[in-house]
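Structure first, then comments.
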Amino acid sequence: MTTGADRSAPAFAEGTVEIDAPRERVWAVLTDFANWPKWQAEVGKVTVDGEPAPGMKFKWKTGSGSIRSTIVDFEVPGAVTWSGTTLGINAMHAWQLTEADGVTTVSTQESWKGIVVRLMRRSLAPALQRAIDTGLLELKAAVEHPAAPAPAD
């Protein structure tokens, strides 16, 4: 991972999950930003400005906030990092995918900085870890058990 989350930030979380699928399939789901709401319960509408690449911007809603993000690193199909800002929080979220024998290991880290995070560290740090843990499980479910297509009329 070229760019990662900041371990010294007031809020830092990380996690890993194994997904029974090739790395390319996991990558396709993870980096299809516009479709995040289909598999992430906390994500609302996502608006993408261009094709995924360093510098691409996207906006998305989660909970009660809107986040403006920019892709920092994009290494197909193994690593993606984006930065984001919302409500006085500056975030950095990094993902790395490795594959062995058809199983993809997904590792992710996220850090939050800013005065809001320093003031509310005790509640925000655990909330960030819960979000990382939930997001990994949702990604695993989305890849291993994709929703069935709608029946044809």
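Because only heavy atoms are used, hydrogens play no part in the values below, and waters and symmetry mates are left out as well, while side chains stay in.
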*Go through the steps for Thr105 and Thr16 under the test side chain to side chain contact (heavy atoms under 4.5 Å, CB included), then give the verdict.*
CA-CA 7 Å; Thr105 300; Thr16 302; 3.4 Å; yes
*List the atom of Ile132, the atom of Gly15, and the distance in Å for their closest heavy-atom pair.*
CG2-N, 3.8 Å
*In the single-linkage hydrophobic clustering (I, L, V, M, F, W, Y; side-chain heavy atoms under 4.5 Å), do Val26 and Val76 co-cluster?*
yes
*Using the six-membered ring wherever Trp is involved, compare the ring planes of Trp39 and Trp36 and label them parallel, tilted or perpendicular (cut-offs 30° and 60°).*
perpendicular
*Under the salt bridge (Lys or Arg N to Asp or Glu O under 4.0 Å) rule, what pairs show up with a residue in residues 38-54, not counting sequence neighbours?*
none
*Report the C-alpha separation of Ile115 and Arg118 in whole Å, then their side-chain angles, then the decisive distance to 0.1 Å, and conclude whether the side chain to side chain contact (heavy atoms under 4.5 Å, CB included) test is met.*
CA-CA 5 Å; Ile115 191 155; Arg118 286 195 309 270; 3.9 Å; yes
*Where the side chain of Ser111 meets the backbone of Asp6, is there a donor-acceptor pair that is under 3.5 Å apart?*
yes
*When clusters are formed by joining ILVMFWY residues with side-chain heavy atoms under 4.5 Å apart, either directly or through shared neighbours, do Trp82 and Leu97 land in the same one?*
yes
*Could you tell me whether Met120 atom CE has more than 12 heavy atoms of other residues or ligands within 6.0 Å of it?*
no
*Cluster link Val72 to Val46, ILVMFWY, side chain under 4.5 Å*: no
*Any donor-acceptor pair under 3.5 Å linking the side chain of Lys140 with the backbone of Glu18?*
yes
*Does the separation of the ring centres of Trp95 and Phe74 fall below 6.0 angstrom?*
no
*Pair Arg7 + Glu14: basic N to acidic O under 4.0 Å*: yes
*asked:* Is there a continuous path of hydrophobic side-chain contacts, each under 4.5 Å between heavy atoms, that joins Val29 to Phe58?
replied: yes
*Do Trp112 and Asn90 pass the side chain to side chain contact (heavy atoms under 4.5 Å, CB included) test, and can you show the C-alpha distance, the side-chain angles, and the key distance before you say yes or no?*
CA-CA 6 Å; Trp112 290 352; Asn90 297 311; over 6 Å; no
*Nearest heavy-atom pair of Leu124 and Val116: which atoms, and what distance?*
CD1-O, 4.0 Å
_Stepwise side-chain hydrogen bond (donor to acceptor under 3.5 Å, both in side chains) test for Lys61 and Ser66_ = CA-CA 4 Å; Lys61 293 185 183 282; Ser66 293; 3.2 Å; yes
*How would you list, by chain and number, every residue that makes a side-chain hydrogen bond (donor to acceptor under 3.5 Å, both in side chains) with Asp20, sequence neighbours excluded?*
none
*Ignoring hydrogens and angles, tell me if any N or O in the side chain of Thr108 forms a donor-acceptor pair with the backbone of Ala94 under 3.5 Å.*
yes
_Heavy-atom closest pair, residues Pro77 and Glu24_ = CG-OE2, 4.0 Å
*Examine distances only and state if a side-chain atom of Arg23 and a backbone atom of Glu99 form a donor-acceptor pair shorter than 3.5 Å.*
no
*How long is the span from the CE atom in Met92 to the CG atom in Asp73, to the nearest 0.5 Å?*
8.5 Å
*Say whether, by atom type as modelled, one donor and one acceptor occur between the side chain of Glu138 and the main chain of Ala41 under 3.5 angstrom.*
yes
*When rounded to the nearest 0.5 angstrom, what distance separates CD1 in Ile67 from OG1 in Thr86?*
5.5 Å
*Can Leu137 be reached from Val143 by stepping across I, L, V, M, F, W or Y side chains whose heavy atoms are under 4.5 Å apart?*
no
